[in-house]
Amino acid sequence: MSELRNKINEAVNFIRTKTSMKPTIGIILGTGLGGLVKEIEIETIIDYEDIPHFPISTVESHHGKLIFGRIGGKEVVAMQGRFHYYEGYSMQQITFPVRVMSYKVGLGVETLFISNAGGGLNPEFEKGDLMIMTDHINLLGDNPLIGPNDNELGPRFPDMSEPYSKELIALAEKIAEEENIKIQKGVYAALTGPNLETRAEYRFLRIIGADAVGMSTVPENIVANHMGMKCFGMTIITDLCDPDNLQPLTVEEVIEVASKSEPKMTLLMKKLIERI
Ligand code: HPA
């Protein structure tokens with residue numbers, strides 16, 4: 001058995017001593033989804049630091065808890081606190097929880113929901129818009145699948161023709177229409193950060209086909225695809241990255257815009273989870 005699988009097994013075995021739930025839905029509570037926790041009928045909370053091999057969050061605003069419960073009667077497991085490459089974690093560390101959650105060798109998750117904040121590159125976008133991720137461009141310069149491949153987890157060369165489930169995208173659009181929530185769709189480019197991008201970089205990102213830019217989600221999505229999980233991702237457009245009219249940006253502004261859009265994102269995700 002691979003070293004990675006031994007680690008997954010140890011983490012899963014520990015979690016099994018705390019809960020017998022077998023959620024088919026996993027949620028990574030990134031920026032803008034913190035409020036979804038209030039919608040979970042919580043059954044068990046496990047601190048990341050207690051789970052063997054789990055990375056520990058360094059960002060203070062994140063809590064580092066694995067939450068088990070129900071949304072609309074559906075069993076879910078939610079990661080409160082996620083990991084970024086710029087914090088110094090390896091890609092394998094960032095994506096370890098996704099492997100632990102998976103149905104293949106882990107807790108039972110077949111569908112993974114992810115949220116994030118990003119800068120808007122598409123000139124049609126407005127601050128505070130929600131963007132459904134239809135695709136991504138990995139500009140992180142690294143990949144969580146580099147290294148020996150465990151064929152039991154997934155193929156050496158995973159297909160990426162549908163990294164974000166078309167079925168879930170269509171359902172989310174339908175729900176957004178019903179709920180009168182303005183929605184954008186687009187391609188998310190992931191860069192390492194932690195600095196924001198230069199004007200020249202924003203120009204480049206637009207030319208190569210990105211609609212939004214951020215620093216997360218892509219590693220988790222790659223691993224979810226590797227393991228045959230469906231994925232749905234959504235970005236809150238917290239600022240506009242117009243190279244010809246670029247304004248300085250602070251993290252406080254990002255958080256302020258994200259928190260204003262949070263109720264829309266929470267509602268949409270909740271309805272989506274209820275209807276799959
Ligand atoms: N780049 C630009 N703007 C942003 C980002 C980013 O990574 N994240 C949130 N707003």
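This is a predicted model, so every value here is computed, not measured.
For the residue pair E197 / Y202, a side-chain donor-acceptor distance below 3.5 Å is found, with atom types taken as modelled. Counted by atom type alone, E220 and T217 present zero donor-acceptor pairs between their side chains at under 3.5 Å. No side-chain donor from either of Y164 and D135 sits under 3.5 Å from a side-chain acceptor of the other.
Smallest separation of non-hydrogen atoms from T235 and G118: CG2-N, 3.5 Å. The two residues G186 and D211 come nearest to each other via the heavy atoms CA-OD2, 3.2 Å. In plain terms, the two heavy atoms of L153 and K104 that are nearest each other are O-NZ, 3.2 Å. Nearest heavy-atom pair, L139 versus I208, reported as atom, atom and distance to 0.1 Å: CD1-CD1, 4.0 Å. The shortest heavy-atom contact between V254 and D239 is CG2-OD1, 4.2 Å. Between I273 and I27, the closest heavy-atom pair is CD1-CD1, 3.7 Å.
Between atom OG of residue S165 and atom CE of residue M229 there is a gap of 13.0 Å, rounded to the nearest 0.5 Å. With values rounded to the nearest 0.5 angstrom, L272 atom CG is found 5.0 Å from L171 atom CG.
Just one of K270, K74, K271 meets the salt bridge (charged side-chain N to carboxylate O under 4.0 Å, His left out) condition when paired with E39; it is K270.
Y48 and F54 have tilted rings, their planes meeting at an angle from 30° to 60° on a 0 to 90° scale.
A salt bridge is absent between K264 and E179; no separation between the charged side-chain nitrogens and carboxylate oxygens falls under 4.0 Å. Using a 4.0 Å cut-off between charged nitrogen and carboxylate oxygen, E167 and K230 count as a salt-bridge pair.
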Q: Take E262 and S259, measure what side chain to side chain donor-acceptor pair (under 3.5 Å) needs, and give me the verdict at the end.
A: CA-CA 5 Å; E262 184 172 302; S259 56; over 6 Å; no
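Within the 3.5 Å criterion, the main-chain N or O of K174 finds no donor-acceptor partner in the side chain of E177.
At least one side-chain heavy atom of I183 sits under 4.5 Å from a side-chain heavy atom of L268.
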